[in-house]
Amino acid sequence: GCGGGNAAPETTQPSAGPQTPDAQGTQLAEKQEIQLHWAAANFYSFDNNANYAAEEIQVQSHVLEGLVRPTTDEAGNQILAPAGAERWDVSDDGLTYTFHLREYYWSDGVQVTAQHFVDSFRRIGDPRNAFDFASFIGDIVGGEALYTMDTETASDADIEAAKEALAVKALDDTTLEVTLANPAPQFLSKVGATYLYPVRLDVIEAAGELYDTDYTTHVWCGPFVVTGFVKDNSMTLEKNPTYWDAENVHLTRVTLINIDEVSTQNTMFKNGELAAIVPTGDYVQPYREGLAGDNYSYVHGDFPGVSYFYFNRGGNSTSGLMESQKVRLAMSLAINREEFTQVVFDRYYAAYGFVPYGVQNGELTFRDDVTEPLKAEFDAYALDNEKLRALFKEGMEELGDTRELSEVTITYICTGDTAIKRQQQEYWKNAWETALGITVNVNVLGDSSLFREERNAGRYDIGQAGWNGDYNDPMAFVEMWSSHGTSIRYSGWTEERAAQFDTFIDRLNAEPDPAGREKIFAEAEQWIVCDEVAAIPYMYSDTILCVSNQIQGMTFPFVGPRFDFSRAYVVA
Amino acid sequence: MEQAADNRFVIIGCADADKEAIARPTITYAQDAWRRLRKNPIAMASIVVLVLMVVLVIFGPLLCGWEYDYMQPTLKNLPPSAEHWFGTDMLGRDIFARVCVGGRVSLLIALVCTCVQVVVGCAYGGIMAYFGGWVDNIMMRVIEVMMSIPYLLVVIIVMMVLDNSVPSLLVALCVTSWCNTARAMRGVILQLKSSEYVMAAQSLGAPARRVILKHLIPNTIGILILNTATSIPNYIFQESTLGFLGIGLQPPNTSLGVMISLGQAAMEFYPLQLIFPAAALVLIVLAFNLLGDGLRDALDPKLRK
Amino acid sequence: MGEKLLQVQDLRVSYHTYAGEVQSVRGVSFAVEKGETLAIVGESGCGKSVTAKSIMGLIQDPGEIKPGSRILYEGRDILKMKKREWRAYRGEQCAMIFQDALTSLDPTMRVGKQIAETLRVHGRAGKAEAAEKAVELLRRVGIPNPERRAQEFPHQFSGGMRQRAMIATALACDPKLLIADEPTTALDVTIQAQIIDLMKQLQRELGAAIVLITHDLGVVAGIAKHICVMYSGKIVERGTSAELFYHPRHPYTWALLKAVPRLDLKNKQELATIEGTPPDLLSPPAGCPFCTRCRYCMPVCKEEMPPDTDFGGGHQAACWLHDPRAPKVDAPFVVRKEAGGI
Amino acid sequence: MLKYTVRRFFEMLLTIFVIATATFFLLAAVPGDPLSDRADRLPESIRENLYRKYGLDKPVLERYVITMKGMLHGDFGESVRMPGYDIQKLLQETLAPSARLGLQTIVVGVGVGLLLGILAAMFKGTWLDYIIVFFSVLMISVPTLIFGLLLQKYVAGEMGLFPIIGWPSGEELWFGGWAYTVLPTLSGCFSYIATYSRLLKTSMLDVINQDYVLAARAKGLSEPQIVRRHILRNSFIPIITVLPMSIAFALTGSFFIEKIYAIPGFGRYFIESVQSRDLSIILGQTVLMSIVYVAVVFLVDILYTLIDPRIRVGGKA
Amino acid sequence: MKEKEPLLEVRHLKKYFPAAGGATVKAVDDVSFTIYKGETLGMVGESGCGKTTCGRTAMGVYPKSGGEALFDGRDVHKLRGADKLAFSRRAQIIFQDPYASLNPRMTVADIIAEGIDIHGLAQNHAQRTERVYELLNMVGLNKEHANRFAHEFSGGQRQRIGIARAFAVNPDFIMCDEPISALDVSIQAQIVNLLVKLQREMGLTYLFIAHDLAMVKHISDRIAVMYLGTLVELTESERLYDKPLHPYTQALLSAIPIPDPEIELTRERIRLEGDIPSPVDPPPGCRFAGRCSRTCARCRRETPALREVEPGHFVACHLV
Ligand SMILES: Nc1ncnc2c1ncn2[C@@H]1O[C@H](COP(=O)(O)OP(=O)(O)OP(=O)(O)O)[C@@H](O)[C@H]1O
Ligand SMILES: Nc1ncnc2c1ncn2[C@@H]1O[C@H](COP(=O)(O)OP(=O)(O)OP(=O)(O)O)[C@@H](O)[C@H]1O
Ligand SMILES: [Mg+2]
Ligand SMILES: [Mg+2]
């Protein structure tokens, strides 16, 4: 099970951690085959360096074996378990990592060597490949220099030289040494991501154009191998007999199949055709309350995702009011996050900070130690419309705007017309209008491109976004506001403000101690949501899963694949 | 024989006045059509339903006393009751009021779009068929191109050029809607074109516009009605599909199409949220179709006698 | 007197329309003997086609054959027949040639097949045999090159040929009764003459009785043995061909005879016409339907329907002029020397 | 005939060229590109390299020339959204299920539609007619998606009569695995049933009043014989005019049904590739659609002459 | 007799239609005739022989394939714009089919006033209405008919509406395309009488097309007999009746039905064998050769030209 910090009280704790069937004394079923839903359309490539979508990770994490594997321990805590690396040493200054690989093999019989990791790190950093997660090598000496090279100006030779210079070295076949530019405890979590799993250059070369699409050109080194793939529809995985831990892999075949409609998923789960589902919307309640039968276990855990609003703080915004911190704060305090999550989703957590529950900083779980920065202020205002309006008005007056609140119109941009999105849009509009007495103009844009167009042109006051952490560290949630981050391109987050924020990053880079880091993270978070009001966080994501009682041993890592079935088994 | 008898047997000949008399009452085309429509109980029922719908759609929210966008988050997904006739939706809004308001938008869209479809389709099809030759060939190709270009692209362009508002929604819905009508019209008009009354008008010196408008198009009513009545639900659904692209209706505005697609998400647990708007739509479409059938019979000069 | 093949007794047919009941046929009675030709003459809309369709059992929905009407075919009332009996009767016993050959032939079916169809449905022939017979029939109605023509479609035929194809279809099962509803109206004079000749010849060969419907007295002069003159749903005069042409008794018949264009008239001289239009059958007048157009109209004509006056030899006319109380009127023209007044 | 075919062929090429050009420039005019979604989350330097990799940094005209040159060789280029795929490969992998589903849907939908149309026309004004009208209106008033889901939930899920999802593959790609195809076909065919029953009814009512129907009755044919031999053929002409559109659309896949029943078909790419601005796939699909359409129209023209001998191929009255 | 002034001169007019398989239908093949002001030229011939086509081509309704048609000295096919509009006012058509030639969805008033509207002949609505009433009255219908629809009328009445429509623009010349063929005999006479009366009153010129020689003879001053796209005989109507020269004309005359059983039963009719042959690529020689009882070798070889055998009597036959 997944450790749940502030998990909702209804949570049924599933069996924790990977357990061997024998330990439980359970009877294994004859047929060790399961089927799972999987949004196939988001599986674009078999190239683990090129991957970026969750569905790709879901597959790659089962067919490849990286240095470490994100999973949960017996107690349900998030851990990085030794995988391809039997063990690793970290130098005292936190800058040098030495991984000692175990002896394990690709499915074609070739041993997995440290060089395969070196190749993978260099390949993902190669600017000519322009891989999405190239920045994952950013912590390594020479990493940032490599992936930020400009392919127009840099020659191939320059790039090759930069690749050589990347401080990842195969000391021998089973020893890999990585040198970091600064002590970055999150590095280990990044290594657990499938993007940095090993690659075989010879296989890539032989496959040529087919490497992305044709699984038969690939070799595998994980617990399963791919034996079937229908584009945008399904993927078949079968047990890899040469996997180093094959004796603990029980499932012989796993079919990942695309079932778009939630009602279909539901029907199939009830019919026992799906091993697990992720209920959403109205389906959550019946599963949570056990109305849907009793042959499943209900899992509720944390998820590293936060939903927030950002502002257009440029002078070009439609109302021109978002420059005022007080206005922004008023908007942030005006919404009833508890009611929202309750009414619209009937799940998730109200967010008064930016770092979600369960995110770990080394051994520490950030949210357990640091109270949410907005909480106090929110309680002070207690959704009192008078006070909120006064605050908003004050902010307006600071900007020299003397209009009545009823004359104020702000524009809220968003995308999508699914039932749930529409409900959100309507809820927010209503919430701000009733609390602040202003008019909120909802502009729903057709697709993400149109949305971006509108956003980049600044024709809005407030916009909606979500962010999921790629690795398990608070850094994944604060880095975006730095000058390396992605916020810089929109939301009126100027270079200046980013530079201001970079001081936090600089301090973090110099601080290897988790406790010290925690303090700095707390300051940074305070700055984002309270002092600067760069964003209005309103909701942390969570994970809800229902697993058939027939299936045991499935784990649900915090980052990485949503289901880890590598050690799961079907009981009779 | 008697005097009286003699009077009766006097040749008086025929009076000039009765010569060309037609015994039937004088009634105009419209009167006659209306009269025959009235004889058709199904068509009359459809009219009654439509009128009722229009009344409901305008005054419905007043009747039930709820604003269509008034949220009561604590009272969400309620079943029908005396308070909320059709129950409440997922944000605790009154479904009856929403069906009325949604119906208003959907009816408006359906009517405006069918009007455009009919007008443009007729004009285009008429011109194409009337002039024939290379004009026809080119205009036909234009239709082919229009119909082949991905519709979504066209819609996005419309959104860009115009803004994200109800008028641009209407434009987006109408951009290619007339193509099929134009094709159908072309087929009929090609046949009508060689009829003698068209030739008569031409030999009187009638310009093309007059021939098309006065002679050709009025005689295609049957096809037009069929075309129109069946395209009404199409528009209503297309509107909700375009809503998916964020065109036109912005929250909390709603339409039957939107309500149906939202209701579909809640179908499993709150089927009434789907059934009410869907029933309203079926009623509207059924009424339009049956009225269309009746109208076609009433307007068809062939069926008169 | 020959044997009666068909007897129509007091046939009344109405159409129920929006405006009310259109009484298309109002009590028509006549009889056809085996092998003879009866002509029904009258102007457009007087109910000729409705009469013909009644005999074929083709009156459909808005139309209704009123109770009390009887149509006896070989002594059997066909109005009481069952569906299956109707199918055996139509086409085999009694066939019909329609007014408009172009619209009466299925445009999508080869002519030969349409002819063979009749034979097939009545089980008269197998497929191949029927096809052969169809070619034979086409030859018989005088279509040159019938083998090829049988394979063509109606639109490839000229008007006269289409009409002949219709005749061939009707003749396929050697019916005893042939109803020809204005078979020549749409055709020009030369073809018209050909078709009439053809019908005469076929009648001689096959001995079928023919009911010939037309609005042109000239057409029937050479073929009909008996003639009924119909006006506004009623038969106003009937008799043998000679009687009717040489001793017409009804003002309508006079007018019809006069209206036939004659080559001996002076150029641009005013032609004899029947002014006005027939009464609307929606509300037929109580009196003589012709009275509004009749030069000899009397007050009584408007009030009361004239009774049939019998002139012997089956010659009857329904006109008040033959009432003893009425003034004597001469026929307004002379067909032959011996023809005269009443 | 040959001349006509050749002319039509060249006209088709020209039309397709215009369509492709129009699509290209529309796409260029529309904001966004296939990378923008991804690039939004990427640091600036990776972003620039990514655009350069796919040649999307070049000016529009240059890209147009490149695209058209490729098209001349039948190469629409590689998808940006789906690395390693081009339209040919995509079609190879996905067209068969879509085409089979489309064909089945058309055959069943049009077939049943025509049958209902015949019944409605023959029993015009009776309760049967009104029931058919009611159901056909119901069929066009309820979205395919809802039909699909309802059928799936009740017929497959609760009654267990058919598999919930899936589609025959391998040996059974074209024949066999019928159980899988029943529900998808059924959910898809409703709209065709509605459209075609209404259309046929209208045109049959026209034909029923024709003289040759009366003439056929006078020959002693029974009502079913008349319908079969004379009425149907003649009422098919208007049907044939609209059939090509239906076929062209059906063959290239149905988005909703493929989604609901997890059918590995082509339908989804229509919407998705436009939304992701994936030029090569959009162009390929558009051209494919037009080719199918033009080809079907051509076939139908020939069919016309078979059904109605008055019409000549390529002839204008 | 005063000098006859030509109004419509048709010279070597040809009209071909494309037919299946690249063949051509020679519907009108080299036809020449002249219509003088104030006269009526009758045109008779079997169905499909090209009468309508000839008339319509001469009126410029169909584009021509050859030859020319001069109306008042000007080629009708070359008229454009205002000239064409003016021409359409002077020359009018009455159509063959009274059912097909009236728009079923227009009122009688609108049908009749169509020409008035197009040519702006009425200043205001009242004037227009008045003119419509006048025209209705002229053709023997009354005011109360103005707001009805064509379907409410009988065939004869419909034909009169068509006549009123043609007369609405005060034309000089009217082509009457079989205005009586579709009508009952009793009504045919009404129409002919009406046309004669109107001609007398207004000094009109008619081209009167029909297939029934008996009726044509009444109304026409001269008669042209057409056979399969060509003129075979053209002369004054009395003379044609008294002394038909062309064998086809003779056959036509003999086919006229006479309402007298004795004559009908006894008279000798000239039987034409077979139907009118197809005008698709007709064979060389006399077109009538296939059905003529007096065909000789020359007839099959050589197309006879229209010759003036007597003053004002033209025949195209080798044997006269
Ligand atoms: N289907 C029908 N519905 C209504 N009235 C009809 C129908 N068929 C015929 N009638 C009416 O019956 C009357 C007689 O029509 P019928 O067709 O018998 O005339 P007719 O003598 O054959 O005329 P014509 O010479 O024009 O063929 C007409 O007044 C017509 O209006
Ligand atoms: N639009 C057309 N296209 C092709 N062929 C035509 C066309 N119009 C007429 N024809 C052919 O030209 C020939 C002459 O036709 P036209 O209508 O002029 O004859 P008509 O003498 O007026 O006959 P009717 O007495 O039947 O009116 C016919 O063979 C006809 O098939
Ligand atoms: Mg009749
Ligand atoms: Mg003609």
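Residue numbers start from 1 in every chain, and the chains themselves are labelled A, B, ... in the order their sequence lines are given, proteins ahead of strands.
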Looking at F135(D), I'd like to know if its CZ atom is crowded, meaning that more than 12 non-hydrogen atoms belonging to other residues, nucleotides or ligands lie closer than 6.0 Å. no
Side chains of D232(A) and Y269(D), heavy atoms from C-beta outward: is any pair under 4.5 Å? yes
Write down the atom of A262(D), the atom of N258(A), and the distance for their closest heavy-atom approach. CB-O, 3.1 Å
Among Y52(A), Y44(A), Y211(A), who wins on heavy-atom pairs under 4.5 Å with chain D? Y52(A)
Is D33(D) close to chain A through its backbone or its side chain, or both, or neither, when contacts mean heavy atoms under 4.5 Å? backbone
Region of N271(A) in contact with chain D, defined by heavy-atom distances below 4.5 Å: side chain
So which of M82(D), R268(D), E93(D), E272(D) has the largest heavy-atom pair count under 4.5 angstrom toward chain A? R268(D)
Checking F229(A) against chain D: side chain, backbone, both or neither under 4.5 Å from a heavy atom? side chain
For chain A, which of P264(D), S79(D), G84(D) has the most heavy-atom pairs under 4.5 Å? P264(D)
Which atoms of E273(A) approach chain D - backbone, side chain, both or neither, heavy atom under 4.5 Å: side chain
So does E62(D) have more than 12 non-hydrogen atoms from other groups sitting under 6.0 Å from CD? yes
Toward chain A, the part of S36(D) with a non-hydrogen atom under 4.5 Å: both
Does N49(D) use its side chain to pair, donor to acceptor, with the backbone of T151(A) at less than 3.5 Å? yes
Listed once per pair and sorted, the ring pair (Phe, Tyr, Trp, His ring centres under 6.0 Å) pairs that draw on residues 145-176 of chain D, sequence neighbours left out: F147(D)-F190(D)
Between K53(D) (side chain only) and N129(A) (backbone N and O only), is there a donor and an acceptor less than 3.5 Å apart? yes
Heavy-atom proximity to chain A below 4.5 Å, by part of I260(D): both
Spatial distance of atom CD1 (I164(D)) from atom NZ (K270(A)) [nearest 0.5 Å]: 11.0 Å
Exercise: do Y85(D) and D212(A) side chains pair donor with acceptor under 3.5 Å: no
Go through the atoms of L145(D) and report whether side chain, backbone, both or neither lie under 4.5 Å from a heavy atom of chain A. side chain
Identify the two heavy atoms, one from S45(A) and one from P83(D), that lie closest to each other, and give their separation to 0.1 Å. CB-CG, 4.0 Å
Are S449(A) and R277(D) close enough that some pair of their side-chain heavy atoms sits under 4.5 Å apart? yes
Interatomic distance, CD@E48(D) vs CD@E152(A), rounded to 0.5 Å, equals 8.5 Å
Which bit of T148(A) is near chain D, if near means a heavy-atom gap under 4.5 Å: side chain, backbone, both or neither? both
As an exercise: rank E209(A), M149(A), E453(A), R128(A) by heavy-atom pairs under 4.5 Å with chain D and give me the winner. E453(A)
Between D260(A) and chain D, which part of the residue has a heavy atom less than 4.5 Å away: side chain, backbone, both or neither? both
Checked I259(A), D150(A), I257(A) vs chain D; the most non-hydrogen pairs under 4.5 Å come from D150(A)
Here the gap from T267(A) atom OG1 to K153(D) atom NZ, rounded to the nearest 0.5 Å, amounts to 6.0 Å
Residues which pass salt bridge (Lys or Arg N to Asp or Glu O under 4.0 Å) with K231(A), listed by chain and number, not counting sequence neighbours: none
